[in-house]
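What follows is one structure encoded as structure tokens, with my remarks underneath.
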Number of protein chains: 2
Amino acid sequence: MSRARQTVTLTADLVILTIRDGGLCVLLVERKNDPFRGRMALPGGFLRGDEALEQTAARELAEETGLAAEALNLRQVGVYSAPDRDPRRPRVVTCAFLAIAPDLPVPVAGSDARAARWSPVTEAAETALAFDHDRILADAVELARTLLQFSTVATAFCGPEFTIADLREVYETVWGVVLDKPNFHRKVTDADGFVVPTGEKRASLTGRPAALYRAGEAAELVPPMMRSRFGA
Amino acid sequence: MSRARQTVTLTADLVILTIRDGGLCVLLVERKNDPFRGRMALPGGFLRGDEALEQTAARELAEETGLAAEALNLRQVGVYSAPDRDPRRPRVVTCAFLAIAPDLPVPVAGSDARAARWSPVTEAAETALAFDHDRILADAVELARTLLQFSTVATAFCGPEFTIADLREVYETVWGVVLDKPNFHRKVTDADGFVVPTGEKRASLTGRPAALYRAGEAAELVPPMMRSRFGA
DNA sequence: GGAATAGTGTCTCTCAGACACTATTGG
DNA sequence: CCAATAGTGTCTGAGAGACACTATTCC
């Protein structure tokens, strides 16, 4: 039997990242059913007959956050297929997707009744999540860190309009580093198509008001944002 | 029915790349059965009950090339799950893996009777492959190009011992560029853990003999190999 | 010696990083 | 005025790229 070709059940799991209160957070749901009942897990769902996995992920994302997939930069993290990762039969194999969200006003209200909440990734990394979701989360965070280096997705963490300081906070939070303000400012505004000035300014609580920007057209960030020295 | 959760069949497909006669080549097999009988396709196989997909890929790789997976830098390219990608029922979803092989002495002799052969990727890209294998091949080649930039996998294209010129040929072939010999030499020998001199020399047909190297311990290449301007 | 390939020296330009400095707001 | 944040100027050092030059082999 172990040598026979096998049918499996496929799921798409989501690692939805955002920045809240200065920390990188991930959306977790509490499992209401076995296996792993009561344990926190990544949101996800089963593949339907007429879907590709990307659509399954987009559908789940809309259910969990109310946001359209296009805006959230859905990217494949990888496939997790260890035979013992899920005790159910037939085997459950999952494909993980990374989504990057701005700080959402509501913690989340899914269409189903699952208790969903934002959890700092530092905490989540210490908690034992259901299945192999610890590993998936770690892989997704690492992917997000790499993406910040070479793409313009950092703007997806911000709202439609943001200041350079907002954007810098994204890099500092996700990478756990402190960046030089003047150099970051130049780098970002010089990069072609990364940010576009709106002409507006946002008054800060104190100090000089900052110019507002929108995300530019470019997807790739050239030259890449350096990530030489790291922090906690 | 389309809304119901579905069981699928999983396969692992392999994009095995090597360099032959100065060109980047991929291993293709001719399909003996429907669907796509007679069409060229990527080698692959079905997931077995006791395996993870990585093991399925490693097993197929050993069957097709006789090489152990450890040596060949097996990496996940992605999952391909479009509902119409395979006409069979139940649905077939595949996970593609990239493998990088040195120029093998024998074109290939699989344990099964399939006609396998190395095909230049430029040709393969023009041919219509079975299923969505054109797309998978393109994605895998792009991944390989990126990997050369940031990792030391280029040595996997070479045999156990190689010259700096051999390694340079790998970059030039995969990227389709011409690199400056002196600068490449310095870059590679200076990078920490990329190549290790064996102390031996290989006599070339003409000119000064080149020093031989082995692959170093480092997996990541810092600083990365630049890929600023491109060629054909 | 000449042809061919391996490898070194050295200059220039770009860009990351450090950091002094100026600009604009509210108290 | 001061405090605080936004943004500019400028220097330095590392590394990419260009390319002149030296080194070692076979004929």
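Naming convention: chains lettered A, B, ... in sequence-line order (proteins, then strands); numbering from 1 in each chain.
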Using a heavy-atom cut-off of under 4.0 Å over every strand shown, decide if Ala203(B) touches base, sugar-phosphate, or nothing. nothing
Over how many whole Å does the gap from Leu205(A) atom CG to dG27(C) atom C1' extend? 13 Å
What contact category does Pro209(B) fall into here, base, sugar-phosphate, or nothing, at under 4.0 angstrom with non-hydrogen atoms? sugar-phosphate
Gap between atoms NZ and P, on Lys201(A) and dG26(C) respectively (whole Å): 13 Å
What about Arg186(B), does its side chain sit under 3.5 Å from the base of dG9(C) through a donor-acceptor pair? yes
Measure the acute angle between the ring planes of Trp175(A) and Tyr171(A), then classify it against the limits of 30° and 60° as parallel, tilted or perpendicular. perpendicular
Can you find an N or O donor on one side and an acceptor on the other, under 3.5 Å apart, linking the side chain of Asp180(A) with the base of dA16(C)? no
Ranking dA6(D), dC19(C), dG7(C) by distance to the side chain of Pro182(A), first place goes to dC19(C)
Answer yes or no: does atom CZ of Arg85(A) have more than 12 heavy-atom neighbours from other residues, nucleotides or ligands under 6.0 Å? yes
Whole-Å gap separating C1' (dG9(C)) and CG (Asn183(B)): 11 Å
Hey, does the side-chain of Arg208(A) have a donor or acceptor N/O within less than 3.5 Å of a partner on the base of dT8(D)? no
Whole angstrom value for the distance that separates P of dT5(C) from CG of Leu167(B): 18 Å
Are Glu142(A) and Arg135(A) ion-paired here, with the side-chain N under 4.0 Å from a carboxylate O? no
Quick one: Lys187(A) NZ to dA6(D) P, roughly how many Å, whole number? 21 Å
Could you pick out which residue, Thr163(B) or Pro224(A), lies toward the 5' side of DNA chain C when each is mapped onto its nearest nucleotide? Thr163(B)
Verify the contact: side-chain N or O of His185(A) to OP1 or OP2 of dT8(D), cut-off strictly under 4.0 Å; return yes or no. yes
Just the rounded figure in Å: distance from C1' of dA6(D) to CD of Glu200(A). 17 Å
Please state how far atom CZ in Arg202(B) lies from atom C1' in dT24(D), giving the value in whole angstrom units. 17 Å
Quick check: on DNA chain D, is the nucleotide nearest Thr206(B) upstream (toward 5') of the one nearest Pro223(B), or the reverse? Name the residue that is more 5'. Pro223(B)
Output the single nucleotide from dG17(D), dG7(D), dA6(C) whose closest atom is nearest the side chain of Met226(B). dG17(D)
When rounded to whole Å, the NZ to P distance for the pair Lys181(B) and dG9(C) reads 19 Å
Any salt bridge linking Lys187(B) with Asp180(B)? Criterion: basic side-chain nitrogen under 4.0 Å from a carboxylate oxygen. no
Glu220(A), CD atom: more than 12 neighbouring heavy atoms under 6.0 Å: no
